[in-house]
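Just follow the structure's listing: the first ligand is 1, and inside any ligand the first atom is 1.
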Amino acid sequence: MNIILLGPPGAGKGTQANRLVEERGMVQLSTGDMLRAAVKAGTPVGLKAKAVMDRGELVSDEIVSELIDAELTAMDAGTGAIFDGYPRTRAQAERLDELLDKHGRKLDRVIELEVDEDALVDRITGRFTCANCGAGYHDRYNLPQVEGVCDRCGSTDFKRRPDDTEETVRTRMQEYRAKTAPILPYYEERGIVSRVDGMASIDEVADKIDALLS
Ligand code: AMP
């Protein structure tokens, strides 16, 4: 099964993708994660992308599509893919169709997480992840059970994204409204779009997604 999780920053795409990876053995293909890894490693792609990401703008379609192509090439054909944060433009959506075709895959479902934008700033500015395993937490809504210790792997090392500031979040939302939301009709024509209320609790959103995938 191949699915796209669509929604503005902070909608919960990463959280749900993480869970699907754990529970269903799918692979999460997050272009944001791939770009952050490239920035950290100081690769040519990372050097090019860093300033754009810090401003909250979109990296070029070619760069992110190449990253996805490489991941799909490395993946086992029978493993399901969760596209998280890709595609973000019409050109990427068209390119993804070509890539899926090339890798003998078909898109089963596009799940849009619908959220209230004002609440997103609150969500995003409080979030942090385990630096070791990537488990997601939040200062106000989802702290580790033991303070300072990751529930999943026991690490005591956590990190925050440099682009999770209020100003950058506003730019990222504007980019979503202007460039990403308009790709929904492209998938609606095929009757594969489902909408889920992303303001519900993590477990409720998970149940809705599970029902869509069963
Ligand atoms: P994310 O982790 O999905 O919120 O992405 C973080 C940042 O990486 C975005 O604000 C963009 O600058 C960049 N980025 C991630 N995915 C894409 C994409 N598919 N197209 C363009 N830029 C992207």
Side-chain angles (χ1 to χ4, degrees), residues 2-21 27-72 81-100 107 110-113 115 117 119-131 134-138 159-184 186-187 198:
N2 299 286
I3 64 170
I4 295 175
L5 293 180
L6 211 68
K13 303 184 296 290
T15 302
Q16 295 299 330
N18 250 307
R19 186 189 61 82
L20 289 168
V21 167
V27 167
Q28 175 189 16
L29 298 180
S30 158
T31 40
D33 284 350
M34 294 172 206
L35 289 167
R36 279 184 287 279
V39 169
K40 198 171 166 197
T43 66
V45 163
L47 293 175
K48 219 172 182 174
K50 186 176 185 322
V52 180
M53 292 171 76
D54 284 347
R55 289 197 300 272
E57 294 167 8
L58 293 187
V59 172
S60 83
D61 293 331
E62 292 72 28
I63 286 183
V64 289
S65 296
E66 267 176 40
L67 291 171
I68 289 287
D69 191 13
E71 292 292 325
L72 287 174
I82 309 157
F83 296 95
D84 161 10
Y86 179 93
R88 259 175 157 97
T89 64
R90 173 71 182 232
Q92 290 178 26
E94 289 171 4
R95 182 76 183 119
L96 177 59
D97 277 341
E98 291 171 9
L99 291 176
L100 289 169
L107 190 59
V110 177
I111 299 175
E112 187 199 11
L113 296 173
V115 278
E117 281 200 12
L120 291 184
V121 176
D122 179 51
R123 265 196 194 181
I124 292 182
T125 52
R127 69 183 182 180
F128 61 98
T129 55
C130 170
Y137 297 98
H138 195 282
K159 61 181 183 184
R160 285 172 199 269
R161 283 172 48 169
D163 61 345
D164 276 351
T165 60
E166 178 159 355
E167 195 195 345
T168 309
V169 168
R170 299 261 179 222
T171 307
R172 287 159 61 199
M173 280 173 190
Q174 214 170 317
E175 290 282 68
Y176 180 80
R177 270 198 305 271
K179 296 174 185 162
T180 308
I183 66 179
L184 274 160
Y186 181 74
Y187 295 117

Query raised in the report: Mind checking what makes salt bridge (Lys or Arg N to Asp or Glu O under 4.0 Å) contact with E167, not counting sequence neighbours?
Result: none

Are any of the N or O atoms of [X] closer than 3.5 Å to those of ligand 1?
X: R88; answer: yes
X: R161; answer: yes
X: D84; answer: no
X: V59; answer: yes
X: G85; answer: yes
X: T31; answer: yes

Query raised in the report: Side chain, backbone, both or neither: which part of M53 has a heavy atom under 4.0 Å from ligand 1?
Result: both

Query raised in the report: R19 and Q16: side-chain donor and acceptor closer than 3.5 Å?
Result: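 R19 vs Q16: donor-acceptor pair found between side chains.
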
Query raised in the report: Are any of the heavy atoms in R36 under 4.0 Å away from ligand 1?
Result: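 The answer is yes: ligand 1 sits under 4.0 Å from a heavy atom of R36.
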
Query raised in the report: Does some non-hydrogen atom of R55 fall short of 4.0 Å from ligand 1?
Result: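 It does not, in that no heavy atom of R55 comes within the 4.0 Å cut-off of ligand 1.
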
Query raised in the report: Can you name the one residue among R172, R177, K179 that meets side chain to side chain donor-acceptor pair (under 3.5 Å) with E175?
Result: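 Of all the options given, the one that passes is K179.
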
Of the protein's non-hydrogen atoms, which lies at the shortest distance from [atom], and what is that distance?
atom: atom 11 (C) of ligand 1; result: E57 O, 3.3 Å
atom: atom 10 (O) of ligand 1; result: R172 CG, 3.8 Å
atom: atom 14 (N) of ligand 1; result: L35 CD1, 3.5 Å

Query raised in the report: Going through the distances and angles, do E94 and E98 end up as a side-chain contact (heavy atoms from CB on, under 4.5 Å)?
Result: CA-CA 7 Å; E94 289 171 4; E98 291 171 9; 5.5 Å; no

Report task. Would you please name every residue forming a side-chain contact (heavy atoms from CB on, under 4.5 Å) with A119, sequence neighbours left out? Result ->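 For A119 the side-chain contact (heavy atoms from CB on, under 4.5 Å) partners, ignoring immediate neighbours, are D116, M199.
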
Requested in this report: Please step through side-chain contact (heavy atoms from CB on, under 4.5 Å) for the pair T31 and I68, ending with a clear verdict.
Outcome: CA-CA 7 Å; T31 40; I68 289 287; 3.7 Å; yes

Report task. Show the numbers, then the answer: is there a side-chain contact (heavy atoms from CB on, under 4.5 Å) between L29 and Y86? Result -> CA-CA 8 Å; L29 298 180; Y86 179 93; over 6 Å; no

Report task. Could you walk me through whether V115 and R123 pass the side-chain contact (heavy atoms from CB on, under 4.5 Å) test, one step at a time? Result -> CA-CA 11 Å; V115 278; R123 265 196 194 181; 4.2 Å; yes

Report summary line: Closest non-hydrogen atoms of L6 and T180, given as atom of the first, atom of the second and distance, are CD1-CG2, 4.1 Å

Requested in this report: Taking only heavy atoms of Q92 into account, list the atoms of ligand 1 that are under 4.0 Å away from them.
Outcome: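 Going through ligand 1 atom by atom, the ones under 4.0 Å from Q92 are 18 (C), 19 (N), 20 (N), 21 (C).
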
